[in-house]
Amino acid sequence: MRISHLAGERVKDSPSLATSKSHILLHRAGYIKQVSNGIYSLLPPAQRVSLKIQNIIREEMNKIEGQEVLMPVVMPRELWEESGRYSLIGNEMVRFKDRTGHDMLLGMTHEEAAVHMIKNTIKSYSQLPLMIYQIQTKFRDEARSRAGLIRVREFTMKDAYSFHATQQDLEVYYQRMLKAYINIYTRVGLKNIISVASDTGMMGGKVAHEFMFLNEIGEDSIAICSHCGQMSNVEVATGLVETKTNIQKPLKQVYTGKAKTIEEICTMFKIDASQTCKAVCYAIKGDESNIVVAFIRGDLEVNEAKLKCVLGKDIVQTKLGDSGLVAGNIGPINLKANNLTVVYDASLKDEKCLIAGANKDEYHIINLSFSRDMNVKFVDFSKAYHNQTCANCRCGKFSISRGVEIGNIFQLGTKYTASMGMTVHSAEGEEINPIMGCYGIGVGRTLACIAEESCDKKGLCWPFSVAPWHVYLCPLKYENKNVKTISEKLYEDLEQAGIEVLYDDREISAGIKFAESELVGIPLRVIVSPRGLENNMVEFSYRKTGEKFEINIDQIVERVKAEIKKNM
RNA sequence: CGGGGUGUAGCGCAGUUGGUAGCGCACGUGGUUUGGGACCAUGGGGCCGGGAGUUCAAAUCUUCUCACCCCGACCA
C-alpha cells in the first residue's frame with residue numbers, strides 16, 4: 001500500500017474528548033473515525049487488523065468443528081416472541097417497522113436465529129454435537145458508549161452456538177471452546193487475559209465464563225483470591241462475612257429522631273456500620289408496585305446481580321412513595337406494607353446486636369439478633385469487596401481488579417430449544433430438546449484491547465499476527481532519483497515475496513516519516529536513504545525495541561521474510 | 001433516565017462593554033531546506049450545530065431544540 005493514497009490521515013492532535021490510550025492512538029493514527037455516538041467507521045488499517053483477528057478466530061472455530069454461517073441482522077418480531085425475549089429485553093434492542101408496518105428488530109445476539117436455522121433439519125442425536133458460528137455486525141443501543149472501540153453500539157462479533165444431546169457432551173465441548181478461546185487470545189498477542197466465572201444474566205443457563213482483559217479502563221470488577229487463585233466477576237464472587245458481635249442484649253425500641261442514614265445512626269450510637277442492619281429497596285421490573293426490601297448488614301453493599309438471581313426477577317431502583325414504608329426507619333420487625341418481597345442477606349444471620357429501623361418514624365430498634373428474634377431464611381446477595389476473605393478457600397484475600405470483557409462462553413441449557421420447540425430423537429428414542437452452548441467474542445473490542453496493551457509513548461505497536469502491515473518501507477529524500485528507483489524496486493520485490501508493505505512514497509521530511517511509522521505501529525521498518533545506498537545498505541529496525549542495524553540491500557527481502565516467519 | 005460540560009475551517013483551538021471571524025496543524029502554488037513532526041512567500045477553504053426572538057447590527061444577549069463528551073443509572 002502506498003501511503004500517499006491511503007484513506008485517512010495521521011494527526012498530531014488527539015481528540016480532546018478521548019480518554020483511553022487505544023481511542024487516542026487509533027484516532028491519531030488514522031484507524032477509526034466516529035460517525036455517531038458509539039458508531040465508528042474503520043479505515044483501512046483498522047479493517048486489516050480486524051480481518052486478521054477474524055481469521056484467527058475463524059481458524060480456531062474451524063479446528064473445533066465449527067461451521068461458519070451467516071444469520072440476518074434484521075429479524076421479525078415473531079422469531080423473538082418464540083423465545084419470549086421480544087418483550088423481555090429493554091430498549092437496548094432497536095425495534096422498527098418495515099414498509100408494511102411489520103415489527104422488526106436489529107439483532108443484538110442470535111440464539112433465536114441459530115435455533116431457527118437448524119431446527120427441523122437436525123432430527124437425531126447422531127447428528128450432534130453441532131456448532132455453527134458467524135462473524136457479523138451486532139447493534140445494541142447501549143445507554144452509554146465510551147472509550148473509542150471499547151464500548152460501542154455497533155460492532156463486529158463472532159458468535160457461536162453449539163447443540164448437544166447430553167449435558168455431558170456440552171461440558172466436554174465447553175472445555176474445547178475454552179481452550180480455543182485461549183488459543184485465540186494468545187495468537188492475537190493479548191497477554192493480560194484471564195477467564196473468570198460470571199453471571200449468566202438475561203441469557204439464561206448456569207455455567208458461564210467471561211474472558212477479561214485486565215486493565216484499568218475496564219468497567220467490570222473482578223475478584224481474584226490471593227490464595228486459591230479463584231477469579232470471578234464481582235457479580236458472582238462470594239466473600240466470607242465474619243460475625244462481629246456475639247453478645248446478646250435485650251431487644252429495645254429507642255427514639256432516634258432525625259437520624260436516618262447508617263452514617264447518622266453510627267455517629268449517634270458511636271458504633272461501626274457493621275453493627276447496623278440496613279434496608280435497600282427495589283421494585284420488581286414490570287410490576288413496579290411490588291417493592292423488594294433487601295436487608296443487609298450496614299457495612300456491606302447489595303450485589304444487584306446476585307439479588308436478581310435470588311429473586312428470579314429483574315429489579316429496578318424505586319422511590320418508596322405511598323408503599324407504606326418509612327424511609328430511613330425500615331426494619332425487619334413489624335414490617336408492614338402491601339405487595340412486599342423481603343429478603344435477608346447471609347451477613348445478618350449470626351449478628352447479635354444490630355440496630356435496625358423500627359418501621360416507625362424517628363424510632364429504631366437496638367440489640368436485634370436474627371437467630372433469636374426472627375425466623376427467616378438467609379441468602380447471599382452481598383457484594384464482594386477488596387481484601388475480603390475468599391469464601392472458597394477461607395484463607396486468601398480478594399483483590400479487586402478492573403477488566404474489559406472481550407469474550408464469553410455460556411452453557412445455555414435448553415432455554416431456547418425448549419421455548420422454540422426444537423427437538424431431536426435421543427439414543428433412547430425419546431424426543432429431547434438439545435442442550436445449547438453459546439460463545440461470543442467482540443472483534444472490535446479485542447482490537448482496541450490489543451491497541452491498549454501494545455503501545456508506547458510514540459504510538460501503537462502491533463503484534464505481528466494482527467499488524468495491518470508487516471513492514472514500513474521508508475525512503476528518505478524520496479526526490480533523490482537513486483532512492484526513488486531503488487525504493488520502488490524494493491517495494492515491488494517485497495510485495496512479490498508476499499510481504500505486506502506500507503510504502504511511504506511521500507516527498508516529506510524524515511521526521512514526519514519516523515513519527516508516523518511509529519504512530520501507525522508497523523512491527524518492522526526499512527529505511528532507504530542516500531547515505532545507506534553509498535554502501536548498498538538499508539536500515540532495518542524493530543518498532544517494539546527500537547533496535548536497528550544496517551543490512552545489505554540484496555538481503556533485505558529474505559531478512560524481512562525470515563523475521564515475519566519467526567514472529568508469526 | 002439523572003448530574004455536569006462542549007458545539008467556530010478537515011483536525012486542535014482563540015474570539016466580552018454586540019459592529020458580519022481568527023490562530024496552529026493539514027491542504028494548493030513557488031522557492032530554500034533535508035536521518036527525528038523544517039522555513040519563507042503566497043493561496044484556497046466557514047450558514048460560528050439548528051430554529052425562533054431582542055437589536056440599526058448577534059459567534060457574542062434571550063429562548064427552544066439537536067448533536068457530541070464526561071460521571072452515574074442501565075447493559076447477552
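Residue numbers begin at 1 in each chain, while the letters A, B, ... track the order of the sequences.
Legend: residues meeting side-chain contact (heavy atoms from CB on, under 4.5 Å) with A/R176, ordered by chain and number and at least two apart, are A/I64, A/E65, A/Y173. For A/E60, the side chain to side chain donor-acceptor pair (under 3.5 Å) partners are A/K63, A/N183, A/R187, not counting sequence neighbours.
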5' to 3', nucleotides 36-44 of chain B under a 4.0 Å protein heavy-atom cut-off (B base, S sugar-phosphate only, - none) gives BBS------
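Distances shorter than 4.0 Å separate some side-chain N or O of A/N37 from OP1 or OP2 on B/C69. One finds no side-chain N or O of A/Q34 lying less than 4.0 angstrom from the OP1 or OP2 phosphate oxygen of B/A67.
Listed for the A/R77 side chain is no donor-acceptor partner under 3.5 Å among the backbone atoms of A/M104.
Residue A/D159 is classed as having no contact, given no heavy-atom separation below 4.0 Å to the nucleic acid. The residue A/I527 sits close to a base: some heavy atom pair falls under 4.0 Å.
Heavy-atom contacts from other residues, nucleotides or ligands closer than 6.0 Å to NZ of A/K119 number more than 12.
Nucleotides B/C71 and B/C64 have their P atoms positioned 27 Å apart, rounded to a whole Å.
For the 3.5 Å distance criterion, the side chains of A/Y478 and A/S487 fail to qualify, holding no donor opposite an acceptor.
For a distance-only test at 3.5 Å, the side chain of A/R151 qualifies as a donor-acceptor partner of the base of B/C75.
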